[in-house]
Each structure stands twice: as C-alpha cells, then as structure tokens.
Amino acid sequence: MPVEHAIRATGLTKRYGDFTAVDGIDFTVNRGESFGLLGPNGAGKSTTMRMIAAVASRSAGTMSVAGLDPEQNGPEVRARLGVIPQQDNLDEELSVRENIIMYGRYFGLPRRWLNAKTEELLEFAQLTHKATARVEDLSGGMKRRLTIARALVNEPEILLLDEPTTGLDPQARHILWDRLFRLRESGTTLVLTTHHMDEAEQLCERLIVVDQGRIMAEGSPAGLIRDHSTREVLELRFGLDRNQEQAQQLTTLLSSAPAPSNGRASSSGSASGVGFSHVEVLPDRLLVYAGSAESALEQIHAAGLRPMTSLVRRSSLEDVFLRLTGRTLVD
Amino acid sequence: MSTEHLTRDPELQDPDSPAADKVTMAGRARRFGALHQAERTLRSMRAYGTVILFSSVSQPIMYILAMGLGLGVLVGEGGDFAEYGASSYLMYIAPAILASTVAMAAGIEFTFPVMEGFKWRRLYYGAQASPLSPGQIASGHILAVSVRFGVHAAIFTGVLYLFGAISSPLGVLMIASAMLGGLAIGLPIMAYVSTLRDEKGQMSLIQRFVIMPLFLFSGTFYPLTNLPGFLQVLGWFSPIWHANELGRVLAFGHPTPAWLILVHVLYLLGITILAWLATVRVFTRRLGLEEWRGRTPGAKADARRQERLAVKDASDVARSVPGETSSAATPVRSELPRISFRRGFGANYYSGNIRAVFGRGLTAIRNNRGVIFLSGLLEPVLFLTSFGLGISPMIAGVDAEQVGLSGGGTISYAAFIAPALLAVSAMNGAIFDSTWNVFFKLKITKLYRTMMSTSLGPVDVAVGEICLALFRGGLYALGFLGVLLVGGLVDPLAAVLMWCTALFVALGFASIGMAVTSFMTRFQQMDWMMMVLMPMFLFSATLFPISVYPAGVQAFIQALPLWHAVELMRDIAFWDFSGLTLVHISYYLVMIVAGLALTTYRMKKLFLR
C-alpha cells in the first residue's frame, strides 16, 4: 500500500554530545517532488540526509521514509534510496563499468540483469566510451555523473543528493542539472542539499532554509524571494574603509527618493520612489535592496556619490538567507 | 619587476621582515635548501617520534632475549663462534641485527613518505613552489632519514653495550656502518619509487621480493657460508650483508682480510652515491620545468586487460539484450528484480548478502595484478629456506622432549620450524588483511561507507571482509604446504588437517584484528600493532622451544595467541595429540567468538551513529 509522502520527519533531532546538529525540525517530502535543504556549511543538512539514509540514529523525533522507519529497517529503506554523497567515493580498484555492477551486487541484484542495466546507466551518464577506464582517469564531472549513475542502479524511489554540483565547472554543472531534470520528469523524488542558490532555484520545487539545525523558512524559491526580499539588488563597493559610513548616507538618501515610473512597491511597504527597503553592509560591499535597483543607482549618481563598482541584479535565495539569518551563505 | 611592485605598498611590506629582501632570501634557500627540506621532514617525523624511540630501545632488547638467548641456547650446543672472533652467539648476531633493523626501517622511510610526497599528499609540490630545487627536495628527505637512522642506531648500540653484547670501543662506529647500509638498500628503492605515478601494491612487492630476501640471505643470524653456493651469491649482492660484516669487524674484530673490508665500504658507498644521484635526477625530471608525472605501473597490462574486457562485455550485452539497442537517455523503469534485505530479527544489521562484499574483493584482487597477491606465498618459503638451511648446520637437531612432544628422539630443525612458520604466515596474512586493508577501506577510500549506502548491513560487510581474509590466507597456506609436502617435511594427511587449522587460526586473528582496527583513527596507531606482533613472533616457540626461558616468561608466552597456533600446528605435524591440543582449540574458539562479537558491535557504532 503506497504512502502519499516519500519522507516525513517530525521533531527530528540529532545531538553529538553537547552539540545539537539538528534541532527538532519537521518537514514532509511528497512523492515525485524535488525538495531542497538550503543552508550554510554546518547547518545540519548532511546530518539530516544521513538520518534519512539510515546511517545515523535519531536523538529524538520520528521519521518515516517510504513508510518505513530507517532505524528499524535500515537495509529495506536503503533498498529504495539512491544516495549521492558529498564526495564521490567511487571504488578506485574497479573500472567504471565494474563500479556500477558491483554497486548493484550490493543490492543483491542478479548479474545478468545488471549487465543490461549498466549499459543503460552508462549511456544516461554519457560514459559509455569510458566503460573500461579506471575511475582515476575520469574528470571531476565524469566522476560525479558516475556516482549518480551508480546510485540509480536499484531504480530508487527517492534520490538523496548531498551538494551534487559542488566543485564542478559551470559546463559540468549544467550537464548534471540536465540529467537531474530528466530524473525528476520520470517521477523520482529528489531530495538535495546545497548552499548554491542558483542550484536550489534551478532544481527545487520546494525547499527549507536551515540554519544551526533549525528551519528558518519554507516555500518555493520564487515565493521565498517574494516574501523575504525586494525584486532587485544593487551591489556597491566604496572601498574597505568607507562602506560603513556610506551605508548611513545611502539609507537617508534613498528613503526620500521619488517614486519611479516602473518600480513596484517594496515588501516593507515603504512609499519611497525606488522601492527602497534597506541596506545590508557586508565586509567588502554594500547591498541596496530596492524594487528598482537601476533607479536607485541613478539617485546615487545624482547625489554625487561615486562607488568604485556597481552591479544591478535580481534578488536570489542568497538574499533571503541574509535577511533571515543576518549572515551570508558561503563564507 | 615583481620586487618593485611588492615594495611599492609600504603597508604590505615590513622593511625589517626577513622576507623583504627577496634576493638574499632566495639565495639562502638555494644554498641551504636541502637542510630546510630535511627540517620539514624531521618535524613531520615527530608525529611518530615516540614510536621510533620506543622501537630503538625495545628492538635490541627483544632480539637479544629472543635470538641471542633463545636461539643461542640451541645454537650454543652445535656452534663455535670463536673462529669468527665472537665469544657467544649473541655477540655474533648483535652487529648484524643493528644493520638489519636499519635496513628494514629504510624499506619504510624511502617508500611510503616518497609516495606521499608525490601523490597522496603532494607535499613535494608545495616545496616545488619555493626557491628549493628538486634535487634539494630529494636530498632533504635523504638527510632527514639519515638523522633518524643515526638516532635509532645510536640508541640501539647503547643498549647492546649495556647488555654486554659489544665490548670493543670501536663498536661505536657501527652507527656509521649501519647508516651506510640503510642508505645503500634504501636509496635505490627511493629512486625507483619516485618514478611511480600510482601505488598498485609496489610497496608490498618491494617489501616481499627485495627487502625480505636481501635480509633473510644476508648472514644476519648465521655465517653466509652456511648456505649453499647460489644463495651465498644473493648475499654478496645484499647491502645488508656488507653492512653486517662491517659491523662485525668493528664490534669484535671479525677476522676479515683488508681487501674485503675495502670491498664492503666501497660497495656500500658506491651504491649510496649512485642511487643518490639517480634519485636527484628523477626528482629533477619530475618536479622540474617539463611536466612528467611518472610512469604508471602495469599500464600495458591494464590496457590489454581492458581490451579483453571490452570484447567480453560486448558479447555479454549482446546476449542479455537480444536485438534491442536502447537509445533512451533516461533510465526506463524495467522489471526490477528483488533487492536483498530481510525483515524480522537483525533486519537492520544483516541483509543476507555477504556474497557481494566477497565478490567485490575478488574483482579488486584480479584488477590489482595477481603477482602481488601471490607474493604472500613466498614469505614463509623464504623464511623456511633461510632458517632451515642457514641455521641447521649449527644445530644438531631439536630434542623432542624439550619441545613437549612425546616419543623422544630428535627432529631436524627444518621440520621443527616448518609447522610453526605455517601458523605465523596464517597470522600475518589475516592480520594484514584485517588491519591495513580494513583501515584503508574504513578511513582512506571510505569503501565501507559506500557499501552502507546500499541495502547491505554492517554484518554483511564485516563477514564478507573476514571471508576474503580467509580466502587469501587459505591460498597462502595451500602454497606453503605444497612446498612442505615436496620437501618431505609433512605427510599428506597432516597437511590436510594443517590447512584447515591455518584457516581456523586465520579466522581468530582476522576477527580480533578487525575489531582492533575499528578503534583506530590514524595510520601511526598501526605501528603500535606491529610492535605487538613482532615480539609475539619472536617469543612464540617458532624458532626455538620456550623451555629455554624461566617459568614466568613461559607462562606469559603461553598466554599469547600465536604460541597456541604454533603448538597446535606442531601437534598435527608430528601427530602428537594431548589434552593441551584441546586447550589450543578452545583458545581459538573463544578468540573467534569474542572477536566477531566485538567487530559486529563496533561496525554498528561506526556505521549507524
């Protein structure tokens, strides 16, 4: 009897001695959904993944994965999972093809069936021409794809991806994203952790923002940006010593700016013209949150301020995280 | 130009800093670079400094007690060492043991750290980015290792003096001769290792095919002339023999013609200088301007194998997917066969799929060139040849009563040690597999973590690995027993029983070894384990009966597992069973059960935290 949700956790807690890595979080992942855990290093994402994959015990709370308790039926839960760890731990003593076949053998799958399956997976990972190569001779992107292909050998219902594209070059990332899209369309549930905002925006239908073991916010990437940030951001650099004093000046200047013709009102409900919300001071730059960053920049130039560099961009999940925690994601 | 740029910003550049004057700094590095590199290497050695110091003190004591006194009692009856200038067997072997232990250390210090520098931690590439020249990086390592040999040899010699194993003041010079011997055996190996791109078991090949034979046939425990002619030739090539003989001249005036002393010195110096130059050359090629990554061992054999596999795979696929060429880029959900897991008792720990873990090990062995695997077979044969042939002329035979066998009479020395060597080889094989290999898969390659992301449980992994250790141990034992059968040292029925016993003993050591390994966190802790194994071997009644020791020491030896294995093997080989046989068997039964229980408990701890 199939269960509606793929994963459900309530009050999920993990303590290591005095340190609480995961602090009573609740979440549900629906079948066929692609779900993200977003947060900085050490937020408790990987620990949560380990508890889902039945290789870490819970300190408190309940968890059900495909209707089973991972702590009671580890092997049976893992039989339905595909796990892609943060670091590719491919078997360097085996060839590319043997890596997939052996991994399938760990699931007890018959060799005959695996032979055909492996060819299919090699093709999916675009590694057919490398089938007999040694793992060591693969590039970073190829290794990552092999790790993913390997995790698909048991045709998992749920795929757990821990930082799937960290350390890959942009081209390799896009190939990987493409493969993950295909999986999503074939109905596989994806659960991924990331601290890359663009990745979360690309891949996740729904995500939770985690920090210090707690859930800070939950929603779709677009929804989170709408709720917690302005539409656009203006990044300014004035030089290391002057950022702080300029912030004050900018706030005063922009709060009294006239309304732009095409800007929309900022989420803070300010009536100011550029849809100005607030200024964040980072060690190396200032972030001006505004409905129209272009107009804000015009205002600043008009007032005779000369930033060393300026950049107009759309708000991202990075800004959501900064707003929620007061910290940047990648430090 | 770059200097100008750096000095332009006064805030970034402290004029008093020694780094301010780039030209002087680089000049100093070019002159003394080797010393800087040596300092770095010595600093990293401090991590296991206690191990080095401890072994420098304990090794001579152990050898004196085991070989000098234990074997000395047996040899003392048949051997006369006055003709060699020594007043006892102990005195005769002491200088050679010093030279041999330095040579053994050379086998470690000139292999693993070099591979670490080029590949595992790429330390040399950090030094390469400094003004140091590649040759200085090589020489720095050599200098540091020489210092480590010097410390070891000095302490070792001190202990020998304390025990009265050396009397001549000239013996102090043995420190130099032993160091020279260590360099002469170590540097050619370093030159070879530094050409390697990958480590595919070369280290253990060097250990087993080069260092071991050179040590065993170097006249350490007996005069080289005891061996048949062709094995003596091997000894002449061994730097260890030359170092041994030099040490003997220095320690007790071993009668040697002047020309031969000159040959010893020139041989050792010649190899050292040539190999040093070769090493510097390889380092310069590898770390110099042109990009040369070193050669891949067995690359040709690999290519051939892959060709074979490609052909085989193509036919496999053709058979399993008749007529259909799948062009779908997205994996289609085919009919998935049943995945192995269990319900009910222990479902969380065991999924009934030990086969897969075992199968993976076999595939890995096949990929890693069989010669390494088979090299384990050689070790007991070498030991038997060396001790059987070399020591036998000094020993009339072993008194059967003395070794606890009924029936009286004497047995030949070779027949005495053969069954014991089988037990030792079973122990070594099992320990190697369950410690080094398991540690590697646990901490370095994280293979077990991969396995634990599938439906395997910790019990599947643990039992699969133990089966693999037994498979390997079983093959080694089979080979060695074959040699014994051919040599007429054991009869066929006993051989069959001894083979089973070897597996039984290996199971005991493998299960304990794995449990112990699961507690380890760093490589250096493995050294401590080796420090337990070495004395266990020396004091196990393998090479001489333990009746030479006082009752207290005997009781201690009898508490150790290897003694039980050795005795059990002898009971079978000489078909002489008693109540004690049952004690030996029970000892191992307890060991196996306790080891397996602890291993399973630890695996759960490690994998299901």
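These numbers come from the heavy atoms of this one structure, side chains and all, not from hydrogens, waters or symmetry mates. So that the names make sense, note that chain A is the first sequence line, chain B the second, and so on, each numbered from 1.
Under the 3.5 Å distance criterion, the side-chain polar atoms of A/Asp91 are matched with a main-chain donor or acceptor of A/Glu93.
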For A/Tyr103 and B/Ser453: C-alpha separation, side-chain torsions, deciding distance, then whether side-chain hydrogen bond (donor to acceptor under 3.5 Å, both in side chains) applies.
CA-CA 10 Å; A/Tyr103 201 76; B/Ser453 60; 2.9 Å; yes
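Contacts of A/Ala79 with chain B are made by both backbone and side-chain atoms, with heavy-atom separations under 4.5 Å. For A/Ala149, no part sits under 4.5 Å from any heavy atom of chain B, backbone or side chain. A/Asn89 touches chain B through backbone and side chain together, each having a heavy atom under 4.5 Å away. With a 4.5 Å cut-off on non-hydrogen atoms, B/Arg355 touches chain A through its side chain but not through its backbone. Interface residue A/Glu76: backbone and side-chain heavy atoms are both found under 4.5 Å from chain B. The parts of B/Ile339 that come within reach of chain A are both its backbone and its side chain, each placing non-hydrogen atoms under 4.5 angstrom from that chain. No part of A/Pro85 comes within reach of chain B, as not one of its non-hydrogen atoms sits under 4.5 angstrom from that chain.
A/Ser139 meets the side chain to side chain contact (heavy atoms under 4.5 Å, CB included) test with A/Met142; sequence neighbours excluded. Listed by chain and number, the residues in a side chain to side chain contact (heavy atoms under 4.5 Å, CB included) with B/Thr435 are B/Ile431, B/Thr517, B/Met526, B/Met529 (sequence neighbours excluded). Remark: A/Glu71 engages A/Ser57, A/Arg58, A/Asp69 in a side chain to side chain contact (heavy atoms under 4.5 Å, CB included) (not counting sequence neighbours).
Remark: B/Arg286 qualifies as a cation-pi partner of B/Phe118 under the 6.0 Å distance and 45° angle criteria applied to the six-membered ring. For the pair B/Arg122 and B/Tyr125, the distance from NZ or CZ to the six-membered ring centre is under 6.0 Å and the angle to the ring normal is within 45 degrees.
In this model, no donor atom of one side chain and acceptor atom of the other lie less than 3.5 Å apart for A/Arg15 and A/Ser59. Under the 3.5 Å distance criterion, with hydrogens and angles disregarded, a donor-acceptor pair is assigned to the side chains of A/Glu98 and B/Asn367.
The candidate from B/Met452, B/Arg360, B/Lys446 with the greatest count of non-hydrogen atom pairs under 4.5 Å with chain A is B/Arg360. Ranked by heavy-atom pairs shorter than 4.5 Å toward chain B, the options A/Gln87, A/Arg80, A/Arg105 are led by A/Arg105. Across A/Glu92, A/Met51, A/Glu136, the residue that shares the most heavy-atom pairs under 4.5 angstrom with chain B is A/Glu136.
Of all residues in residues 455-464 of chain B, those placing a non-hydrogen atom less than 4.5 angstrom from a non-hydrogen atom of chain A are B/Ser455, B/Leu456, B/Gly457.
Relative orientation of the B/Trp436 and B/Phe112 rings is parallel, given thresholds of 30° and 60° on the angle between their planes.
Results of the side chain to side chain donor-acceptor pair (under 3.5 Å) test with A/Thr165 over A/His174, A/Arg144, A/Arg173 single out A/Arg173 as the only residue that passes.
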